[in-house]
Amino acid sequence: MQRIPNMKDHDWKPDMELLVFLYYLGHGLSLAVVSATFGMPKSTVHDIVHRVSAKITSKLPEVISFPSAEELPNICQGFATLAQKSAFDRAAGAMDGCHIRIMPPGNQYSADYINYKLFASIQMQAICDARGSFLDIFVGYPGFVNDARMLQNSPIFTNAQYPPPGYYLLADGANLCLVQPIGILTPFKHPLRVQERFNQHHSKARSVIERAFGMMKARWRATLSKALEVSPTFAPIIIGCCAFLHNICVATNDLVEVEDGEEEADEDMPLPVLHERTGDIMRNRIAARVSAPAQLAGHLNDHDYL
C-alpha cells in the first residue's frame, strides 16, 4: 500500500481503488465480476484499473531494479549457495523468458503472436536474484519472436546495462555463451563428464528464474493461467504490475509453493549474435573450478612440483 500513493479522492476510502485493482487481478481481469462485487459501474472499474496500473508502472524502477555495487556481492553469494559451488561466485542473476497467453489481435498482425507451441502469447524476459525477486523485466514482444532475438533487442543487451564487466547471467541453452556485450553463462550442449558436473550445478542455480515465473503465475493464477482478455498493448502493463507485486511479496517473505514442472523451460534455438564474443573460455574455466578438489590431499603437499 505504501508503494502506491492515493489515487484520487472519492466517497470511498483512499485504499479502495487499490483493492479494486487487486481483486481485478485475482479474478481473471473480469470487469463484470469486480463491478458486481463492489457495486460500481463497469466504466468506473475500467477507469480505476487503468489509473492504478499507470501508477504502479510509474513506480516499477523502485521495486524492480539492478542491485547497487554494495548489494552485488550478496546476490553473487546467493547464486554460489544455490549452485552449491563457489565457482559460481560471479553469477549476478538468472535470466529466462516465458510466454504469457493473450487473445490475439483481430488484425493483420494476429499470426505474429502465435508461438512455437502454437498458442497466442507475448513474451516476458526477466532477470532475478537468488531469492526469485525480479531485477529486470522486458515485456511485450509477440510470441513468434525467438528468445535470442528478444534478448538482442532488450536494453540490457543493446546498452550493456547488466551485469557489470567480470560478472555474468545464468541462462539456458536457448542463449549463446558470451562475455560481451554482457556476460551470459549457459550449459554445455553435449557435455563430457566434467562438463556434465558443471551443468548440474549451473542448473541448480539457474532454475530460480523458472521458480520466480512459477510463483508469479501461481499467485495470479486466475489471470495468468488463461489468455489475457485485454489488448496486446495493455497486456504488458498488466504483466508488469504482476511482477511488481511479486517482488513486494518476496521482499516480505510471502512466498508461494510451486509444483515441479509448473513452469516449463523454453527450447528455442538461438539465433546468431552480431559481433559475437564467445564465452567458451570463461565457461571452461568455471567448469574446471567446479570439478577441482577443494583442497589437495595431505600426501600431495609433501612434494615440490615444477
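Computed from a predicted model, the values in this text were never measured in an experiment.
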* Measuring from Ser121:OG to Ile102:CD1, what's the distance to the nearest 0.5 Å? -> 7.0 Å

* Structure fact -> Output for pair (Arg90 CZ, Tyr168 OH), nearest 0.5 Å, gives 9.0 Å

* To do: Give a yes-or-no answer on whether the side chains of Arg289 and Asn284 include a donor-acceptor pair shorter than 3.5 Å.
  => no

* To do: Write down the atom of His99, the atom of Gly143, and the distance for their closest heavy-atom approach.
  => CE1-O, 3.5 Å

* Name the orientation class of the two ring planes belonging to Phe66 and Tyr162 (parallel below 30°, tilted from 30 to 60°, perpendicular beyond 60°). => parallel

* To do: Kindly indicate, with the supporting measurements, whether the criterion side-chain contact (heavy atoms from CB on, under 4.5 Å) is fulfilled by His201 and Val290.
  => CA-CA 8 Å; His201 291 281; Val290 167; 3.7 Å; yes

* To do: Work out which heavy atom in Pro142 is nearest to a heavy atom in Gln123; give both atom names and the distance.
  => O-NE2, 3.7 Å

* **Distance, nearest 0.5 Å, that separates CZ of Arg197 from NZ of Lys85** => 7.5 Å

* With hydrophobic residues grouped by side-chain heavy-atom distances under 4.5 Å, do Met40 and Tyr24 end up in a single group? -> yes

* Treat each ILVMFWY residue as a node, draw an edge where side-chain heavy atoms are under 4.5 Å apart, and state whether Leu22 and Val230 are in one component. => yes

* Would you sort out whether Glu62 and Lys59 count as a salt bridge (Lys or Arg N to Asp or Glu O under 4.0 Å), showing the intermediate values? => CA-CA 6 Å; Glu62 297 181 12; Lys59 294 288 184 177; 3.5 Å; yes

* **Beyond-backbone contact of Ile184 with Ile182, side-chain heavy atoms, under 4.5 angstrom** => yes

* **Hydrophobic cluster identity match, Tyr113 and Phe144, side-chain contacts under 4.5 Å** => no

* Asked: Using 30° and 60° as the class limits, which term best fits the ring planes of Tyr141 and Phe138: parallel, tilted or perpendicular?
  -> tilted

